[in-house]
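It should be emphasised that the depicted structure is a prediction, and the values quoted were computed from it without experimental measurement.
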Amino acid sequence: MEEELQPIKRKRRRKRRFRLRGIVFLLLVALIAIGTYAFLQFKEGKDIADTSAQEPVLFDQDEVNEDYENILVLGIDSRGEEQSRTDTMMLVTHDKVNNEIKLTSFMRDIYADIPGYQSYKLNTAYYLGGVDLLAETLRQMFGVEIHHYALIDFQSFESLVDVAVPGGVEIDVEKEMSKNIGVSLTPGLQKLNGKELLGYARFRADEEGDFGRVRRQQQVITAMKDEMATVSTIPKLPKLAGTLQGYVQTDMPLTDQIKLATQLAISGGGEVERLTLPIENGYSYGNYAHAGSVLDIDLEMNKQALSEFLSQPLN
């Protein structure tokens, strides 16, 4: 009886081995296909950018920790020019524990103590010493850690939006806008392409002035995050990553960029909390012969507001 059963058992083992090998082979083919797709999409993205990869400058970063990551995001009029001033200065915070995003905007007219120089408007720090000097100015003033930076000029921003969200980014335009922004926008909920979105973010010809402009910049970043933070976006990430290499200068490794984008896409990222510095009642208007009209801020009040907002220990 035992002799009759043995051949049957051997045949079953052969079938199991055959099935296992088949599964391994299929997984291998799938991995190769995914890798090939990702490579081709990445290359297509770089070709779309139609420029050489942006080389990161030497950046004195704070040591990355497991709880949060602060990325200094800068927008300028002319990418790569040392004598440019920053029009947009944001600290994008990724709370790794809760997988949440927070945005802190720094007004460009803040009267800042710039290390090694006379006090000027905050956006002059980049003009004087690039990313490192601006980051060091923010560290010394507000005690905040800065782990990475990302720098983009406005023309590249337009192109990047059109690649990342080809159908446009949904924005509720609150009023007619056209002065000094290169486009004409009408009120209402609508999809804006890259040029229109940039114009919306830069508009300041109303009673809110620069404060309204900063609010709209935060609104734009939040809307783009919402458009990208979906599972359906994941297949597009290699192409987007390739495009970023041509349009965005950053010290953040490519693998970390894709990892962060994937995490947000899978989780949705939740609501984006926002803060603008200086806070309400935390500043006064000043004027200096060498700097012009500025915002004189109550440094301790604003530093405390930033600490509470980020839930981070500040130096």
Checklist entry - Do Asp206 and Lys175 pass the salt bridge (charged side-chain N to carboxylate O under 4.0 Å, His left out) test, and can you show the C-alpha distance, the side-chain angles, and the key distance before you say yes or no? => result CA-CA 10 Å; Asp206 59 8; Lys175 64 183 72 176; 3.0 Å; yes

Checklist entry - Are side-chain N/O atoms of Thr186 and Glu176 paired as donor and acceptor at under 3.5 Å? => result no

Item to check | Pairwise salt bridge (charged side-chain N to carboxylate O under 4.0 Å, His left out) hits with a residue in residues 157-171, at least two apart | outcome: none

Checklist entry - Side chains of Asp256 and His148: is there a donor and an acceptor less than 3.5 Å apart? => result no

Item to check | Qualifying salt bridge (charged side-chain N to carboxylate O under 4.0 Å, His left out) pairs, either residue in residues 119-130, two or more places apart | outcome: Asp109-Lys121

Next on the checklist: Suppose the criterion is salt bridge (charged side-chain N to carboxylate O under 4.0 Å, His left out): which pairs have a residue in residues 177-195, not counting sequence neighbours?
Outcome noted: Lys191-Glu227

Checklist entry - Side chains of Asp251 and Gln61: do they bring a donor and an acceptor to under 3.5 Å? => result yes

Checklist outcome for this item: In short, side-chain hydrogen bond (donor to acceptor under 3.5 Å, both in side chains) pairs touching residues 306-315 with sequence neighbours left out are Asn70-Gln312, Gln304-Glu308

Checklist outcome for this item: Residue pairs passing the ring-ring contact (aromatic ring centres under 6.0 Å, His included) test with at least one member in residues 178-227, sequence neighbours excluded, are Phe211-Tyr283

Checklist entry - Excluding sequence neighbours, so at least two apart, what forms ring pair (Phe, Tyr, Trp, His ring centres under 6.0 Å) with Tyr111? => result Tyr288

Item to check | Rounded distance (nearest 0.5 Å) linking atom CG of Asn302 with atom CD1 of Ile110 | outcome: 7.0 Å

Checklist entry - Cut-off 3.5 Å, side chains only: do Ser284 and Asp296 have a donor facing an acceptor? => result no

Item to check | Partner set under side-chain hydrogen bond (donor to acceptor under 3.5 Å, both in side chains) for Asp67, not counting sequence neighbours | outcome: none

Item to check | Near-ring test His94/Tyr68, centroid separation under 6.0 angstrom | outcome: no

Checklist entry - Residues sharing Val64's hydrophobic cluster, by side-chain heavy-atom contacts under 4.5 Å among ILVMFWY, directly or via others? => result none

Next on the checklist: Under 4.5 Å side-chain heavy-atom separation, chaining through any Ile, Leu, Val, Met, Phe, Trp or Tyr, what else clusters with Val97? Say none if it is isolated.
Outcome noted: none

Checklist outcome for this item: Residues pairing under salt bridge (charged side-chain N to carboxylate O under 4.0 Å, His left out) where one sits in residues 133-144, two or more places apart or in two chains, turn out to be Asp62-Arg139, Glu136-Arg139

Item to check | Residues that Tyr117 engages under ring pair (Phe, Tyr, Trp, His ring centres under 6.0 Å), provided they are two or more places apart | outcome: none

Next on the checklist: Is it the case that the side chain of Thr222 and the backbone of Gln218 share a donor-acceptor pair, with hydrogens and angles ignored and the cut-off at 3.5 Å?
Outcome noted: yes

Item to check | Sequence-distant partners of Glu145, salt bridge (charged side-chain N to carboxylate O under 4.0 Å, His left out), two or more places apart | outcome: none

Checklist entry - Between Phe157 and Tyr247, is a ring pair (Phe, Tyr, Trp, His ring centres under 6.0 Å) present by the stated rule, with each step listed? => result CA-CA 8 Å; Phe157 174 81; Tyr247 287 146; over 10 Å; no

Next on the checklist: With clusters defined by side-chain heavy atoms of hydrophobic residues (ILVMFWY) lying less than 4.5 Å apart, directly or transitively, does Leu198 cluster with Ile171?
Outcome noted: yes

